[in-house]
Amino acid sequence: MIIGKHRGTCATIDLGAIKHNLEIERQRMEPGQELFAVVKADAYSHGLVPVAVAAQEAGVDGFCVAVIDEAVALRENGITKPILILGASPETEAPYMAKFNLSTAVSDLHFLQTAQPLLAAQNLKLKVHLALDTGMGRIGFRDQETVKAAIEFMNHHQAQFEFEGIFTHFSTADSADDSYFKKQLNKFHELMEVVTQRPRYVHVANSAASIWHKQCGGNMVRLGIGMYGLNPSGKEVQLPHDVALKPAFELTSHIVEVKQVHPGDSISYGTTYTATKDEWIGTVPMGYADGWLRRMQGSTVLVDGQECEIVGRICMDQFMIRLPHEVPLGTKVTLIGENGGKQKTAQDAADYAGTIHYEILCSIGQRVPRFYVEK
Ligand SMILES: *Cc1c(COP(=O)(O)O)cnc(C)c1O
């Protein structure tokens with residue numbers, strides 16, 4: 001049962017846009033480079049399995065997720081291409097990952113040492129991508145000695161480990177100032193000096209690096225936000241014109257109550273909004289439990305192509321808007337997407353909330369059903 005199916009609030013995902021964005025990236029990549037679709041966090045809220053199936057149809061070479069259960073969900077839904085788990089997983093889960101033919105990031109020797117006997121006991125072999133911390137400060141090897149030790153350990157235990165990949169992650173690939181990016185890239189080259197036998201995958205690029213640092217190398221790209229059609233940099237840097245990304249996420253609801261209020265009438269918890277004249281107020285069945293954050297109070301949504309302010313506190317399940325005039329019940333409300341020739345983007349919401357569009361999308365809750373179209 002889909003919770004929220006009968007409520008009139010939904011996200012509509014354009015799988016055609018996702019395929020288009022993957023195709024654009026494919027055209028921009030170097031020959032021989034492979035394209036992995038990053039579908040962690042329920043495919044950035046777009047829906048893990050439907051997005052992965054669409055990406056597979058679009059011909060991606062593999063997938064990246066953050067955690068084991070996302071990878072297993074893909075396998076259980078028929079995804080057979082390589083799947084790389086980007087986050088650090090518990091050593092004790094090594095056999096479980098191997099059983100599902102998953103590849104995992106490994107960020108220290110301890111993982112390999114602990115996993116080795118567990119894998120050996122079950123005659124299992126795990127595909128490993130060594131994570132290199134070149135300046136992100138999150139996970140990974142930070143010096144040549146430890147990288148060397150990890151590779152030697154895998155060479156000594158080839159029945160348990162396949163050294164399949166090595167990678168790093170940039171922290172400023174979307175910044176106009178590329179000095180830290182260069183520092184990280186230099187560090188990456190320095191760490192790679194001890195990798196005498198290159199694994200199948202050497203990868204460094206996320207969406208931002210693939211857009212603004214095409215020359216940064218690697219034979220695989222980990223495309224996340226770009227595949228969903230959003231500019232990784234937010235508003236800081238403009239995308240070059242040749243990257244014509246199409247956003248895939250539309251968020252809509254409808255009006256479930258319309259009323260006229262009078263001067264002095266207040267709206268919602270805490271009476272933070274009080275009408276000063278006769279006003280038309282509409283109620284929308286979407287709230288902070290659905291990811292339309294409480295701090296979106298005062299921002300606008302689109303009704304009949306007009307901006308309507310969210311007035312009063314956003315409740316858990318509903319919020320109210322000020323309408324220019326009376327509208328029929330059921331009138332469409334657009335939070336993200338096009339309405340009457342006007343646009344609202346995830347970036348607009350992020351700017352208002354003081355965050356990034358990634359977080360706006362990831363906040364949209366499970367109670368908002370996702371419907372799929374292919375435009
Ligand atoms: C999330 C993630 C990506 C994808 O990043 P985008 O900015 O969405 O392209 C790539 N690599 C790693 C290691 C990640 O954690």
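Read the numbers this way: they start at 1 and go in the same order the structure lists the ligands and their atoms.
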List the closest protein heavy-atom neighbour of [atom]: residue, atom name, distance to the nearest 0.1 Å.
{"atom": "atom 3 (C) of ligand 1", "result": "Lys40 NZ, 3.7 Å"}
{"atom": "atom 9 (O) of ligand 1", "result": "Ser207 OG, 2.5 Å"}
{"atom": "atom 8 (O) of ligand 1", "result": "Tyr44 OH, 2.5 Å"}
{"atom": "atom 13 (C) of ligand 1", "result": "His169 ND1, 3.5 Å"}
{"atom": "atom 7 (O) of ligand 1", "result": "Tyr358 OH, 2.6 Å"}
{"atom": "atom 10 (C) of ligand 1", "result": "Arg222 NE, 3.4 Å"}

Show the numbers, then the answer: is there a side-chain contact (heavy atoms from CB on, under 4.5 Å) between Leu130 and Met154?
CA-CA 11 Å; Leu130 293 184; Met154 287 192 285; 3.9 Å; yes
Between Leu86 and ligand 1, find which residue part has any heavy-atom pair under 4.0 Å and reply side chain, backbone, both or neither.
side chain
Checking contacts here: is it the side chain or the backbone of Pro232 that comes within 4.0 Å of ligand 1, counting heavy atoms only? Could be both or neither.
neither
Arg138 heavy atoms within 4.0 Å reach ligand 1 at atoms 13 (C), 15 (O)
Return yes if some donor-acceptor pair links the side-chain N/O of Asn206 with the main-chain N/O of His169 below 3.5 Å, else return no.
no
I'd like to know if the side chain of Gln33 reaches the main chain of Glu30, judged simply by a donor and an acceptor atom lying under 3.5 Å from each other, with no hydrogens or angles considered.
yes
Would one find an N or O of Gly224, backbone or side chain, under 3.5 Å from an N or O of ligand 1?
yes
Checking side-chain polar atoms at under 3.5 Å, does Thr300 have a donor or acceptor matched by the opposite partner on Lys344?
yes
If you take the centroid of each ring, where Trp contributes its six-membered ring, are Tyr44 and Phe249 closer together than 6.0 Å?
no
